[in-house]
J.: 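One structure, as structure tokens, below. Some questions next.
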Amino acid sequence: RQRPGSPAFLGSSSFYEKPERPVGKSCQESGSLGHFYVSDAQYNRNIFFDTSPQAVRLYLLYNHWFMQTLVYTFIIVNLALALFEDPAVVPLPIWATSTIEIICLSAFSVRMVHYAKVIPKDKFWKDPKNICIIVVLSFIDLTIYGALKSTGYFAIRWSRVFRPLLLVNVTEGRQLRRAFRSIRNALPQISYVFLLFMFSVLVFSLVALKLFGKRGLLTIDGSPYFTDYLDIVFDLYVLVTTANSPDVMMPAYNYSVFFTIFFILYIVINTYTFMSFFLAVVYSNYKKHLKEEVRQLVKSRRFKMCRAFSLLQEARGEGGEPVVTQAKWNHLVKLVKPNISISHRELLWSVLDDQNKGHIGKFAFVQLADLLSIQVITVKSQPHPIQICFPSMYNSPVSRFIRYVVHQRMFVYVYDLIILVNAVFIGLDEENPVVSNAEWGDLVLYEILLSFLCNRLTKFLFAAGGYTSRQILDIIFILRVLRLIRLVDSIKRFRAIINILIKIGPTILIFGQLIVVVYYIFAMVGMELFKGKVQFFEPNSTSPDQEYCGNPLLKGTTFAKLNYCKNNFNNVVSSFIVLLELTVVNQCGFTAVTHISARIFFVLFHIVVVIIIINIFVAFILEAFLVEYTIDKSDLQTSLEKKIEELELNVQQDGVDTGLVDAMESNDNELGPSEAGKQKPSLMFKIASRRSRTVDGLLQRMFETDIRPEDFNEEEEPENINFSNPVFDSV
């Protein structure tokens with residue numbers, strides 16, 4: 001008799017035909033509610049929803065991918081209105097942009113009403129209050145702006161700075177809220193270092209005034225050098241960013257070489273020491289507060305899994321511990337992961353029920369959310385199409401020898417070397433006849449034919465319609481050069497770096513959203529302050545104003561001489577580009593066309609983006625790098641791998657960990673002929689990748705060694721099951 005989970009059982013055809021035990025109505029209702037708890041735990045949703053039947057149905061609709069996509073669509077449309085509003089890239093009438101904005105605000109209002117129907121009334125104002133405030137303020141501003149414009153008065157759309165905050169406050173933006181909380185938590189400690197840093201700048205500025213102010217030195221444009229204290233403070237602050245180095249030092253250096261000692265001391269103390277302090281403080285506070293957030297996240301996750309267990313549990317005899325039977329567990333997993341195969345589900349059950357009792361306890365059940373997050377590839381063994389059509393040719397000695405050679409690792413290395421040499425020729429001058437006549441296409445085509453003989457056709461098909469033979473050959477060259485990534489990924493040290501790059505991919509998107517939020521706010525403020533102050537003229541323009549960017553105040557300035565006229569705040573696109581230039585630390589000339597106090601705008605932007613946000617991003621990379629070198633994989637993933645090996649259902653690897661290739665694997669692969677010929681089961685499994693594919697998964701992996709199960713009382717409701725959104729004061 002075959003026991004469930006055995007290789008023969010998983011590989012037999014009768015496995016797929018085995019009828020499952022019907023589930024009762026009460027079990028279905030409990031399983032449906034438990035499905036939401038498990039789904040929330042798996043995707044780290046922190047919504048405390050009402051458990052009434054109507055609220056549960058609305059909650060299912062609320063979390064539907066279409067509704068979430070619709071919300072982000074309206075947010076993007078709302079943000080994109082800046083392209084058509086004054087100052088606009090493509091001007092539209094006020095009534096058109098106002099109508100679109102009203103539709104977007106109405107959609108957000110409907111979303112809030114939907115949310116109010118899902119959660120208990122006493123918890124409604126805990127999270128969505130910020131969205132309600134933004135919507136109300138936007139309606140008020142839109143009404144006032146339309147009334148003033150219709151009567152010909154001057155008006156400002158001040159509510160536009162609130163638009164990107166919708167990204168932060170929607171329920172789907174929990175990771176972005178976590179980034180904002182990291183900034184908020186790091187601000188107190190950063191403020192102490194920043195005050196000390198500014199004290200150092202002020203002291204050095206005072207020394208510079210006394211040292212150079214009365215020597216009659218001139219800058220390169222003929223203006224007095226270091227005679228105004230506020231100008232000195234600003235110039236030395238910019239020197240910390242190295243944007244004006246060595247220009248700010250040259251007049252003093254030309255006067256005496258000994259004056260360079262002052263600037264050397266300043267750069268060492270402020271540029272290197274204090275900037276390093278900023279990173280150290282941000283990293284220390286970021287890790288401390290992030291660990292606590294991950295602890296609350298895990299606590300909330302286990303709490304929801306315990307709730308699901310309590311709905312599905314049943315007692316085993318009098319006084320026995322509550323357990324969940326396999327029938328209920330199967331019904332639950334089918335609801336949570338409807339696309340999972342029966343064999344995959346049986347494999348997961350065998351990991352949790354390692355003693356084949358037919359039921360599992362609470363400790364094993366709580367691990368289900370983490371187990372479902374591990375991507376397992378199901379590998380099917382199917383004969384090669386050539387073997388089906390031409391079996392004699394495929395099984396001939398010559399064919400077997402070619403397949404044996406192609407599947408050797410040396411074969412891959414040789415062709416990687418050929419591709420490397422080919423890449424050198426691609427980068428050389430094609431006009432040179434020696435280079436243009438060096439055709440490597442035959443070697444590549446030979447490899448494709450051999451690979452087709454030994455692998456599936458679907459791996460090498462690509463659309464070539466509309467291209468010439470030369471263009472197709474160039475595309476083949478480029479695509480084959482990308483295979484060198486496999487060679488790089490096979491080297492352990494390189495693989496660790498590639499792992500980090502892949503891991504921080506989702507985090508880059510999160511911090512990218514954070515940058516968009518900050519950029520958008522500063523762009524809206526900048527357009528109101530500086531629009532029309534600098535004009536750009538096309539190269540073929542004959543206007544005399546082109547020499548000074550349309551503003552006489554810029555006549556003779558370095559800003560105009562370097563033709564920086566396109567760096568302006570005349571529309572949202574130009575504003576974003578200017579802010580990007582400021583992020584990589586460049587000077588700006590807008591103080592010449594407005595007031596000296598405009599420097600506050602640019603200094604504040606540098607503090608928020610460069611000193612705070614970039615340092616938090618660097619702190620995350622440092623932590624991810626340390627995790628990669630100290631933690632291999634989770635205990636649950638190790639148990640799953642051991643179970644696959646124990647059942648002899650693992651796909652044999654060649655001894656080279658192609659981590660990058662595994663990261664690009666699909667959920668359903670086909671087993672090559674080399675494996676099919678070894679009398680393996682018809683279904684085999686392998687772990688897709690050891691890398692965390694979500695930000696929450698990576699964060700939990702970072703601190704899983706510091707978070708122990710005994711730290712939590714799983715019957716106690718977490719204090720912060722609904723992480724509060726940052727309020728306007730904290731933002």
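This is a predicted model, so every value here is computed, not measured.
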J.: Classify the angle between the aromatic ring planes of F602 and F569 as parallel (below 30°), tilted (30 to 60°) or perpendicular (above 60°).
T.: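 Correct class here is tilted.
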J.: More than 12 heavy atoms of other residues, nucleotides or ligands under 6.0 Å from CD of E528: is that the case?
T.: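 It does: E528 CD has more than 12 such atoms within range.
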J.: How many angstroms lie between CZ in F537 and OG1 in T542, if you round to the nearest 0.5 Å?
T.: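 Result: 10.0 Å between the selected atoms.
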J.: Dump the intermediate steps for side-chain contact (heavy atoms from CB on, under 4.5 Å) on I102 and F139, then the final yes or no.
T.: CA-CA 8 Å; I102 290 174; F139 272 121; 4.3 Å; yes
J.: For the pair S284 (side chain) and A280 (backbone), establish whether a donor and an acceptor sit closer than 3.5 Å, ignoring hydrogens and angles.
T.: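 Between the backbone of A280 and the side chain of S284 there is no qualifying donor-acceptor contact (under 3.5 Å).
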J.: Would you mind reporting whether V89 and L83 have side-chain heavy atoms less than 4.5 Å apart?
T.: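 They are in contact (side-chain heavy atoms under 4.5 Å apart), so the answer is yes.
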J.: Is any side-chain heavy atom of Y229 less than 4.5 Å from a side-chain heavy atom of L202?
T.: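 Side-chain contact under 4.5 Å: yes.
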J.: Can you confirm whether I220 is buried at CD1, in the sense that more than 12 heavy atoms of other residues, nucleotides or ligands lie under 6.0 Å from that atom?
T.: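 Not more than 12 within 6.0 Å, no.
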J.: Look at the aromatic rings of F274 and F277 and report parallel, tilted or perpendicular, splitting at 30° and 60°.
T.: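 Geometry flag for F277 against F274: perpendicular rings.
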J.: Carefully, step by step, assess V517 and F180 under the rule side-chain contact (heavy atoms from CB on, under 4.5 Å).
T.: CA-CA 11 Å; V517 170; F180 264 102; 3.8 Å; yes
J.: Main chain of E172, side chain of R177: is a donor-acceptor contact present, judged purely on distance under 3.5 Å?
T.: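 Checked: no pair found.
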J.: Side chains of N567 and E581: any donor to acceptor distance under 3.5 Å?
T.: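 Distance-only check passes for E581 and N567.
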J.: Any donor and acceptor pair, going by atom type alone, linking the side chain of T241 with main-chain N or O of V238 inside 3.5 Å?
T.: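 Present.
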J.: List the residues meeting side chain to side chain donor-acceptor pair (under 3.5 Å) with D228, not counting sequence neighbours, and say none if there are none.
T.: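 Applying side chain to side chain donor-acceptor pair (under 3.5 Å) to D228 gives none.
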J.: Can you tell me if Y253 has over 12 outside heavy atoms packed within less than 6.0 Å of its OH?
T.: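 For Y253, atom OH is not crowded (no more than 12 foreign heavy atoms under 6.0 Å).
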J.: Mind checking side chain to side chain contact (heavy atoms under 4.5 Å, CB included) for Q513 and listing every partner two or more places apart, or none if nothing turns up?
T.: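 Checked Q513 against side chain to side chain contact (heavy atoms under 4.5 Å, CB included); matches are L167, L176, I510.
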J.: With side chains defined as the heavy atoms from C-beta onward, is the minimum distance between F74 and L105 less than 4.5 Å?
T.: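 Result no, sub-4.5 Å side-chain heavy-atom pair not found.
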J.: What's the separation between atom CG in N551 and atom CD in Q535, rounded to the nearest 0.5 Å?
T.: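 Answer for the CG-CD pair, N551 versus Q535, is 8.5 Å.
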J.: Verify side-chain contact (heavy atoms from CB on, under 4.5 Å) between F108 and I75, making sure each step is shown before the conclusion.
T.: CA-CA 9 Å; F108 301 143; I75 291 177; 3.7 Å; yes
J.: Tell me every residue that passes side chain to side chain donor-acceptor pair (under 3.5 Å) with S541, counting only those two or more places apart in sequence or in another chain.
T.: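 Checked S541 against side chain to side chain donor-acceptor pair (under 3.5 Å); zero matches.
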J.: Just verifying a value: how many Å separate L166 CG and S138 OG, rounded to the nearest 0.5 Å?
T.: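 Rounded to the nearest 0.5 Å, the CG-OG separation comes out at 7.0 Å.
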J.: Less than 4.0 Å between a side-chain N and a carboxylate O, is that true for E101 and R160?
T.: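 Salt bridge absent between R160 and E101.
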J.: Once rounded to the nearest 0.5 Å, what's the spacing between atom OH of Y564 and atom SG of C549?
T.: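 So the OH of Y564 and the SG of C549 are separated by 11.0 Å.
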J.: Below 4.0 angstrom, N of the basic side chain to O of the carboxylate: do D231 and R599 qualify?
T.: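 Answer for the salt bridge query: yes.
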J.: Donor-acceptor check, side chain of Y225 to backbone of P251, threshold 3.5 angstrom: yes or no?
T.: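 Checking the backbone N and O of P251 against the side chain of Y225, no donor-acceptor pair under 3.5 Å is found.
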J.: So which heavy atom on W158 is nearest to which on L137, and how close?
T.: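 Nearest pair, atom of W158 first, then L137: CH2-O, 3.9 Å.
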J.: When you compare the side chains of Y519 and T583, does any donor N or O come within less than 3.5 Å of an acceptor on the partner?
T.: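 T583 and Y519 do have a side-chain donor-acceptor pair below 3.5 Å.
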J.: In the structure I gave you, are the side-chain heavy atoms of N568 and K533 within less than 4.5 Å of one another anywhere?
T.: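 Of all side-chain heavy-atom pairs linking K533 with N568, none is under 4.5 Å.
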J.: Assert yes or no for the condition that the ring centre distance of F262 to F226 is strictly below 6.0 Å.
T.: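 For F262 and F226, the ring centres are not under 6.0 Å apart.
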J.: Check whether any side-chain N or O of D141 sits under 3.5 Å from a backbone N or O of S159 as a donor-acceptor pair, and report yes or no.
T.: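 Pair found, side chain donor or acceptor close to backbone of S159.
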J.: Drop me the distance from I613's CD1 to F511's CZ, to the nearest 0.5 angstrom.
T.: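 One gets 8.5 Å once the value is rounded to the nearest 0.5 Å.
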J.: Do you know the tightest heavy-atom contact between P164 and Y520?
T.: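 P164 and Y520 have their closest heavy atoms at CD-CD2, 3.5 Å.
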J.: Which word best sums up how the rings of F212 and F263 line up, parallel for under 30°, tilted for 30 to 60°, or perpendicular for over 60°?
T.: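 Taking F263 first and then F212, their aromatic rings lie parallel (interplane angle under 30°).
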J.: When rounded to the nearest 0.5 angstrom, what is the spacing between CD1 in I611 and CE in M275?
T.: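 The distance works out to 4.5 Å.
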J.: Using side-chain contact (heavy atoms from CB on, under 4.5 Å), reason through D86 and I94 one step at a time and then give a plain yes or no.
T.: CA-CA 9 Å; D86 182 53; I94 296 179; over 6 Å; no
J.: Under the 3.5 angstrom rule, does the side chain of T273 hit a backbone N or O of N270 as a donor-acceptor pair?
T.: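 No: the side chain of T273 does not pair with the backbone of N270.
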J.: Whether the side chain of N244 engages the backbone of L239 through a donor-acceptor N/O pair (distance < 3.5 Å, no angle test) should be reported.
T.: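 Here the side-chain-to-backbone pair exists.
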J.: Does S200 use its side chain to pair, donor to acceptor, with the backbone of L196 at less than 3.5 Å?
T.: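 Side chain of S200 to backbone of L196: no pair is present.
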J.: Do F522 and L604 have side-chain heavy atoms sitting under 4.5 Å apart?
T.: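 The answer is yes, as the side chains (C-beta and beyond) meet within the 4.5 Å cut-off.
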